[in-house]
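Read the structure below first, then the notes.
Please read these numbers as outputs of a predicted model, since none were measured by experiment. Counting starts at 1 for both ligands and their atoms, in listed order.
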Amino acid sequence: MSVEVERKFICTDETLRILEQTADCVRQREFHDQYFDTADFGLTLQDFWLRKRKGSWELKCPMSRGQAKVEALCTRYREITDLAEIQLRVREVLKDEGSTPQRNKNQKTDGDVDGQNQSVTSDESETQDEMWINELNLKCFAEFTTIRRSFTLKEDAVQVDLDQADFGYSVGEIEVLVSEGRDVLSALEKIEKAAQKLGLTGNQKIPGKMYIYLQRYLPKHYDALMKAHVL
Ligand code: V4E
């Protein structure tokens, strides 16, 4: 299992210039993300982020807090991509949270009432792959498309992504993947070094795409996460 340590940044013209001069542009791709949760935010309130990207399921799981230095500018999450493991973890999280998942495809959520929820699954499109989603009363609450340009910083093996989301938000991220159990601080040092190379001076955490999406389009969900100190 891998741990993703990353720092977001706003990419100015100057940052882009440095990046283009000092890094290899690895590739450009486009992907569509769908994020899922229960109507009472059973996953995200516990900082679990379940999404489907290019037909594959991914779960980002929180790690115990503690290293203030990491939390100041960066985030770190354990990433699970094995579907059986994702299902197991999601079931555990929802059980702990006290949800009683039952198959109920027609259930309306608060979000539906307010027009906030954007469920995309339908009876017609239900496949075997989606049965567990319905069984656990999970709904797609957010979806957007991102154009991503990826760079690799020479020498450091650090990846830098420039994301442009289709709802009008652009953000960069410096990302290092480490194996679970390995020193996260070494990842942090790599990120700091990369940030210096790119001339990033800000000392404020920059919001990611989902943060802005929630703030703009799902205020109730956003408020709940802010109140719970997840965001
Ligand atoms: C972890 C998380 C979310 C999931 C999306 O994570 P992110 O890395 O922003 O998305 P993306 O597309 O860059 O994924 P990648 O391709 O790198 O795997 S949505 C919200 N969070 C948590 C979070 C938080 N706790 N606080 C803040 C300020 N932002 C996000």
Side-chain angles (χ1 to χ4, degrees), residues 1-11 26-37 41-68 70-82 86 89-90 93 118 138 140-152 158-178 180 184 187-188 190-191 194 202-219 221-231:
M1 224 180 289
S2 59
V3 174
E4 179 195 84
V5 187
E6 64 178 39
R7 172 173 167 174
K8 308 266 196 243
F9 64 92
I10 297 298
C11 188
V26 184
R27 60 178 171 156
Q28 174 166 318
R29 64 197 170 113
E30 187 175 313
F31 51 83
H32 187 74
D33 287 330
Q34 292 175 298
Y35 284 86
F36 291 77
D37 202 349
F41 319 136
L43 290 179
T44 53
L45 273 180
Q46 296 184 73
D47 208 9
F48 284 81
W49 300 86
L50 174 67
R51 77 177 171 211
K52 198 173 188 183
R53 175 180 288 180
K54 287 186 166 245
S56 297
W57 291 96
E58 302 173 354
L59 182 67
K60 294 204 187 211
C61 312
M63 300 189 63
S64 56
R65 302 203 170 187
Q67 288 163 308
V70 178
E71 259 90 60
L73 289 173
C74 301
T75 54
R76 63 186 172 129
Y77 285 85
R78 187 178 291 119
E79 281 193 331
I80 309 179
T81 51
D82 177 74
I86 289 175
R89 200 74 187 96
V90 167
V93 174
Q118 301 169 8
L138 292 160
C140 172
F141 68 90
E143 60 178 314
F144 49 84
T145 298
T146 299
I147 296 174
R148 170 171 288 179
R149 263 189 299 163
S150 297
F151 299 80
T152 302
V158 169
Q159 180 160 320
V160 180
D161 293 331
L162 299 184
D163 285 356
Q164 210 181 331
D166 64 356
F167 58 89
Y169 182 63
S170 296
V171 67
E173 66 185 35
I174 304 170
E175 178 178 303
V176 175
L177 284 178
V178 288
E180 181 150 29
V184 172
L188 191 70
K190 278 187 178 182
I191 289 174
N203 56 4
Q204 290 230 311
K205 214 175 198 168
I206 301 298
K209 301 184 291 289
M210 177 54 73
Y211 183 100
I212 299 294
Y213 187 99
L214 287 161
Q215 197 179 46
R216 281 190 195 168
Y217 306 117
L218 302 171
H221 195 161
Y222 173 81
D223 286 347
L225 295 177
M226 289 296 277
K227 214 169 142 197
H229 305 290
V230 171
L231 292 180

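Residue contact check: Lys8 has heavy atoms under 4.0 Å from atoms 7 (P), 8 (O), 9 (O), 13 (O) of ligand 1. The Tyr77 neighbourhood of ligand 1 comprises atoms 1 (C), 22 (C), 23 (C), 24 (C), 25 (N), with distances under 4.0 Å to a heavy atom of that residue. Ligand-side atoms of ligand 1 in range of Glu79: 18 (O), range being under 4.0 angstrom from any heavy atom. Every atom of ligand 1 with a heavy atom of Arg148 under 4.0 Å away is listed here by number and element: 11 (P), 12 (O), 13 (O), 15 (P), 16 (O), 17 (O). The Met210 neighbourhood of ligand 1 comprises atoms 19 (S), with distances under 4.0 Å to a heavy atom of that residue. Of all the atoms in ligand 1, the ones that sit under 4.0 Å from a non-hydrogen atom of Glu6 are 7 (P), 8 (O), 17 (O).
The aromatic rings of Phe167 and Tyr217 stand perpendicular to each other, their planes meeting at an angle above 60°, with 30° marking the opposite boundary.
Looking only at side-chain heavy atoms (C-beta outward), Leu43 and Leu138 come within less than 4.5 Å of each other. By the 4.5 Å heavy-atom criterion applied to side chains, Thr75 and Lys205 are counted as neighbours.
In this structure, Glu175 is part of the shell of residues with a heavy atom less than 4.0 angstrom from ligand 1. Residue contacts with ligand 1 include Val230, since one of its heavy atoms falls under 4.0 Å from the ligand.
Remark: ligand 1 and Thr75 share no N or O pair separated by less than 3.5 Å (distance only, no angle test). Not a single N or O atom of Glu58, backbone or side chain, sits closer than 3.5 Å to an N or O atom of ligand 1. For ligand 1, the polar-atom distance check against Glu4 finds a nitrogen or oxygen pair separated by under 3.5 Å.
Less than 6.0 angstrom separates the ring centroid of Tyr222 from the ring centroid of Tyr211.
Annotation: salt bridge (charged side-chain N to carboxylate O under 4.0 Å, His left out) contacts involving residues 222-231, sequence neighbours excluded, are absent.
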Could you give me the CA-CA distance, side-chain angles and deciding distance for Tyr35 and Tyr213, then say whether side chain to side chain contact (heavy atoms under 4.5 Å, CB included) is met?
-> CA-CA 11 Å; Tyr35 284 86; Tyr213 187 99; over 6 Å; no
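Checking side-chain atoms of Asp166 against main-chain N and O of Thr145 turns up a donor-acceptor pair under 3.5 Å. Although no hydrogens or angles enter the test, the distance criterion places a donor-acceptor pair under 3.5 Å between the side chain of Asp37 and the main chain of Thr44.
With a 4.0 Å heavy-atom cut-off, ligand 1 is reached by no atom of Gln159.
A salt bridge between Glu6 and Lys8 is present, with a side-chain N of the basic residue lying under 4.0 Å from a carboxylate O of the acidic one.
The option from Glu173, Lys209, Arg51 that lies nearest to atom 14 (O) of ligand 1, judged by heavy atoms, is Arg51. When the options Phe144, Trp49, Phe31 are ranked by their closest heavy atom to atom 21 (N) of ligand 1, first place goes to Trp49.
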